[in-house]
> 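Okay, here's the structure, questions in a sec.
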Amino acid sequence: MKRSLATTLMLGVAALAAQSPAPNVQNGRVDSRQTTSIDAAIRAAGVSSEPTWIGWREPMVDGDRHVCSTWSDGDTTIRGIVLEPRPFNDGRPQIAASTGPAQLEAGTSVIVLLRVIDGRMERLRTISDDCPIDANGRTITWLADITASESLRYLGALTQPTTLTGDARRQAQSAITAIAQHRDAGADALLDRLMASGADTDLRDNATRALAAYRGHHGFEQVSQAIADEHNVQARQRLVSALRQSSDPAAVQTLLTIAQSDANEHVRAEAIFGYAVLTGAPGVPRVIDLANKDASADVQRRAVSGVSRLPADVSVPALLSVARSSATFAMRKEAVAALSRANDPRATAYLEEIVAK
């Protein structure tokens, strides 16, 4: 059966729509390639001492999608990234301000960028799709047909412990972040595997933080279960520290429970710090009360340290109250130290008051 011209045109338009649009590249150009294999694209780049950039995009996980950089000289702020540093340059991105209408769907995809040199990938970066790119005269080979499964396959291969020599470890850490930013559920399985593996402690910790920070309720459940199953104190501290990256509402209660009842003071200290950071102003009275009741100086110091991380309008009054009236020396000392670092007139006035005595 012959296709009509209209049908052919419609199929062509649909095929183009299915491809991933190129990023906002300035001071450079984009060369689109049709391939479904990242490895094939790297091989096609050839062996050259001149760097080649290869990129593609995938739907991004929900949450904080502002994956970009900013440059500022104090007067001007420019949002965007520079692919290649300029010798003898102040680093100012050559990026023009956007003049078109706001893109409602912008920032919903992650762009993965590979720097290839001498036939091998030597750097990996991720940005959100609304982050402008100053290519500094380079060409980005854009892969418009890469599926999420192919993207995750390639990134997952970078995290294999047998490959981690030299720069490969840094690439693996970048790959874990890129995996975590993928919306595809296959990212959960990859990160779960890395967290469960005991082959490489650093990668396990990276995967744990990525699960907590990016993977929603699934990530929360995985990290919480790992805390419950872990008996090594140092490992449990690291897991509790990772949990405070979670945006899942249940993370707050879990940290509070650990801060109240864990048998180890260092684990309690990590939990109360995370609880203070996550709850903000509403949690300050409970944090101070728990710390005052806990006999551990480590718990007391970390509680005050957590409060000091909050905005000044919350932290400074609380620190002043602790410094003036807490019954525990460790808390008073930590509060005074935090006030000395605060660029706040209320803190300065209190410190002058102490010196004048």
Side-chain angles (χ1 to χ4, degrees), residues 63-64 66-79 90-92 209 212-213 237-238 240-249 251-262 264-357:
D64 185 1
H66 302 291
V67 186
C68 198
S69 299
T70 56
W71 176 94
S72 177
D73 61 1
D75 296 319
T76 304
T77 299
I78 300 173
R79 184 174 184 269
D90 63 359
R92 181 188 181 99
R209 289 192 294 270
Q237 277 185 269
R238 295 196 299 270
V240 171
S241 176
L243 188 61
R244 76 168 185 265
Q245 307 296 323
S246 176
S247 60
D248 192 281
V252 172
Q253 182 58 49
T254 300
L255 288 170
L256 176 60
T257 300
I258 295 171
Q260 290 173 323
S261 60
D262 197 272
N264 185 272
E265 63 175 314
H266 304 301
V267 176
R268 294 198 309 276
E270 199 62 50
I272 200 167
F273 177 87
Y275 178 77
V277 171
L278 282 185
T279 55
V284 168
R286 176 168 273 178
V287 169
I288 301 303
D289 182 60
L290 276 176
N292 276 318
K293 292 177 179 177
D294 199 301
S296 167
D298 191 24
V299 171
Q300 295 162 4
R301 286 192 295 267
R302 291 290 278 165
V304 177
S305 178
V307 171
S308 73
R309 298 293 185 93
L310 303 178
D313 285 347
V314 175
S315 63
V316 171
L319 292 170
L320 288 171
S321 176
V322 170
R324 287 192 169 109
S325 60
S326 177
T328 62
F329 174 75
M331 291 180 68
R332 294 197 305 273
K333 181 179 178 181
E334 186 68 27
V336 171
L339 288 167
S340 70
R341 296 188 295 269
N343 186 19
D344 186 282
R346 293 166 294 183
T348 302
Y350 173 71
L351 295 173
E352 290 174 347
E353 176 186 325
I354 294 177
V355 172
K357 288 183 178 179

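The figures that follow rest on heavy atoms only: side chains count, while hydrogens, waters and symmetry mates do not. Along the sequence shown, residues carry numbers from 1.
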> Just by modelled atom types, is the Leu290 backbone N or O under 3.5 Å from a matching donor or acceptor in the Asp294 side chain?
no
> According to side chain to side chain donor-acceptor pair (under 3.5 Å), who are the partners of Glu265, at least two apart in sequence or on a separate chain?
Ser296
> In a check of salt bridge (charged side-chain N to carboxylate O under 4.0 Å, His left out) between Glu270 and each of Arg301, Arg244, Arg238, which one passes?
Arg244
> Please give me the minimum heavy-atom distance between Ala347 and Val316, naming the atom from each residue.
N-CG1, 4.4 Å
> Between Ala312 and Arg346, what is the shortest heavy-atom contact and its length?
O-NH2, 3.5 Å
> Has Ser261 got a side-chain atom pairing as donor or acceptor with Thr257's backbone, closer than 3.5 angstrom?
yes
> Using atom types as modelled and distance alone, determine if a side-chain donor or acceptor of Ser315 lies under 3.5 Å from a backbone N or O of Leu310.
yes
> Is there a donor-acceptor pair under 3.5 Å between the side chain of Ser305 and the backbone N or O of Arg302?
no
> Return yes if some donor-acceptor pair links the side-chain N/O of Thr328 with the main-chain N/O of Ala330 below 3.5 Å, else return no.
no
> Kindly compute the distance separating CG (Leu256) from CD1 (Ile258), expressed to the nearest 0.5 Å.
9.5 Å
> Can a side-chain donor-acceptor contact be found between Thr348 and Glu352 if the only test is distance below 3.5 angstrom?
no
> May I ask you to check whether Arg324 and Ser321 show a side-chain donor-acceptor distance below 3.5 Å?
no
> Rounded to the nearest 0.5 Å, what separation is found between the CZ atom of Arg332 and the OG atom of Ser326?
6.5 Å
> Would you mind checking if Asp289 and Lys293 are paired as a salt bridge, meaning a charged N to carboxylate O distance below 4.0 Å?
yes
